[in-house]
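Here's the structure we're looking at; comments come further down.
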Amino acid sequence: MPEVNIGNASSFSDPGRKVFEVSGQEVGVFLLGGEFYAWENRCPHLDGPACQGRLLPLATEAVNDDHTSRGREFSKEHMNVVCPWHGMEFDIRTGRHPTNQAIRLRKVAVRVEHGEIYVTLRGV
Amino acid sequence: MPDEIKSSLVGDIRELQEITAATDTRDYLFAAARQAERQYDDYEVIIDVDAHTQEGRFWPEILEFMENDVLKHTALNQLAGGIRTPLINMQPGMSFQAMSGRVPHQSGPAEKVTNPEKPGAAFVEIARRSIDFMGVDYQVVFPTSMLHLGMNPMEDIEIYLARAYSRWMTELVLPQEPRLAGLIYLPFNNVDECERMVREFGGHPQVVGYTICAVRHKPVHHNQYMRLYSMIEESGKPLVFHAGPHWDDPSFSQLNRFISMHALSFVHYNLIHMTNWIINALPERFPKLKTVWVESGVAWVPFLMQRLDHEVLLRQSEAPGLKRMPSEYMQDMFYSSQPLERYDLKLLEATFDKMKASTQLLFSSDWPHWDFDPPSSITSLPFLDDQAKRNILGLNAAKLFNLPIKRTRPRAADAMAARAADRVS
């Protein structure tokens, strides 16, 4: 499985994302909280370009101790990427759908060395 | 960069941009073209029976065909004031469709076209991009903004907008693209005007049927409509019930989120109209009139079959016109596929069996709406055989709408290669 240099780590904002096509494979590389994550740009729903959508905080239902609701609030900890085809959301750190954790993006190995980012492609 | 890593570089690296409302439809749907190449590139015909190419962008063109001076004046004033689709009386809640920007194509199209000044040309170019990249030969287009027009308290607006839209479609759009087909909107709040629409527009070669937007409070079995149904039956073209969202029904006002209203509303209106259609035995009165039930998915079909079969056996005196069970009439009708409820495939398979999907189901994309389905929503179903997939994706619709079984779409590989070359140049 070839490892590919996709550019300089300093070119990313945090939170930030870039999506690359390399040898016919599409990979989304994300920087969040100082850590890099990479996922295949393919939504498990219907193969949409999941990594090319908006980055938004996880929406949560804010429930008080007495079970009353304050409505919805954005999470301060969790950031999602939203597939632009149908709106399916995935946690940037885990790649998993917030409601059904079995639905998830495919992980791509990513590492940083000497300020350069390397992702590992599937066999070509 | 260390030498050992440098040597591992593979091919060219291309950065892909975030998708927005301004993204070219071909880039938006590039993944659909890949699916077309892998899954159905050799199919004889693919027909999408319900798509929209948001015509809000083209409302000024439509208003040029407005035949009422006062309404045209009002519309142009509203347009100048920033209202995107004047006269529609759109509910504020409908602005939640795009999920606060999560699904940009719902808010578009804002992409560039080659000839923005030529009337009808932009609509056609954007529609062509979508059908080329979804791998579709023929597409039936439908006016999104008019889905709720039946609830407009100003009856004359429904009539005049129906006429303006139909003239725009038949005089300007369809002649520019033989791969597009249209349905004639029936202003169902005024039956005389419905009949006039059938007489004036029904003969256009690219008009393949008539549509009743289901979001309305008009009982479809009322005697006033019988002559209209006779005319449509005689035309040989189907009658299409197109469901839609609506938040103003008293029951729906209890629903506090768009998702709740959307999940129930589409099905709700088709449930009501189908129930009236069956219980009043309209299939017996119009045995050759073909009906299509659009944009409610399919899960509601077996529910209503079971429910009506159960009740008709017990209360036959209230449905005396029926000579068969409700489910048998429903099995003769046609249904569009989107939004296909695919989460539980066993349930979906049972639904397909019950509704005789291999002959009665018609693929629809609903592009560019947030819950659109590409053709792979059908080809990826593990329980369908190859012939059933071909039927649902095109052969059923070709027969129903009298469209040719003829490939008009480019090869998916060619479409993708042309787009890649565009990007380079």
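All values below were derived from every heavy atom in this structure, side-chain atoms included, with hydrogens, water molecules and symmetry-related copies excluded. Every chain is numbered from 1 and lettered A, B, ... according to where its sequence line falls, protein lines coming before strand lines.
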Within 6.0 Å of [atom1] in [X], more than 12 heavy atoms from elsewhere:
{"X": "L345(B)", "atom1": "CG", "result": "yes"}
{"X": "F258(B)", "atom1": "CZ", "result": "yes"}
{"X": "D66(A)", "atom1": "CG", "result": "yes"}
{"X": "R93(A)", "atom1": "CZ", "result": "yes"}
{"X": "R106(A)", "atom1": "CZ", "result": "no"}

L46(A) portion near chain B, given a 4.5 angstrom heavy-atom threshold: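 L46(A) touches chain B through backbone and side-chain heavy atoms alike.
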Interchain contact, C51(A) with chain B, by part (heavy-atom threshold 4.5 Å):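 When you check distances to chain B, no heavy atom of C51(A) falls under 4.5 Å.
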With a 4.5 Å cut-off on side-chain heavy atoms, are P49(A) and L16(B) touching?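 Answer no - side chains too far apart.
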Can you confirm whether R257(B) sits close enough to R72(A) that some side-chain heavy atom of one is under 4.5 Å from a side-chain heavy atom of the other?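 In contact.
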List the steps and the verdict of side chain to side chain contact (heavy atoms under 4.5 Å, CB included) for D47(A) and R38(B). CA-CA 13 Å; D47(A) 292 349; R38(B) 284 196 301 263; 4.2 Å; yes
Of all the heavy-atom pairs spanning N5(A) and I13(B), show the shortest one and how long it is.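 Minimum heavy-atom separation between N5(A) and I13(B): O-CD1, 3.0 Å.
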Under 4.5 Å from any heavy atom of chain A - which part of [X]:
{"X": "T20(B)", "result": "neither"}
{"X": "F30(B)", "result": "neither"}
{"X": "Q17(B)", "result": "backbone"}
{"X": "A32(B)", "result": "both"}

As an exercise: rank P368(B), S377(B), G101(B), P374(B) by heavy-atom pairs under 4.5 Å with chain A and give me the winner.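 Among P368(B), S377(B), G101(B), P374(B), the one with the most close pairs to chain A is G101(B).
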Options H105(B), H369(B), Q106(B), ranked by heavy-atom pairs under 4.5 Å with chain A, top entry: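 Among H105(B), H369(B), Q106(B), the one with the most close pairs to chain A is H105(B).
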Give a yes or no answer on whether the side chain of W85(A) reaches the backbone of L29(B) with a donor-acceptor pair at less than 3.5 Å.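 Absent.
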Quick one: does any side-chain atom of H86(A) pair with a main-chain N or O of D373(B) as donor and acceptor, under 3.5 Å?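 Such a contact is absent between H86(A) side chain and D373(B) backbone.
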Testing Q52(A), K18(A), R54(A) one by one against E18(B) for a side chain to side chain contact (heavy atoms under 4.5 Å, CB included), which residue passes?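 Between E18(B) and the candidates, side chain to side chain contact (heavy atoms under 4.5 Å, CB included) is satisfied uniquely by R54(A).
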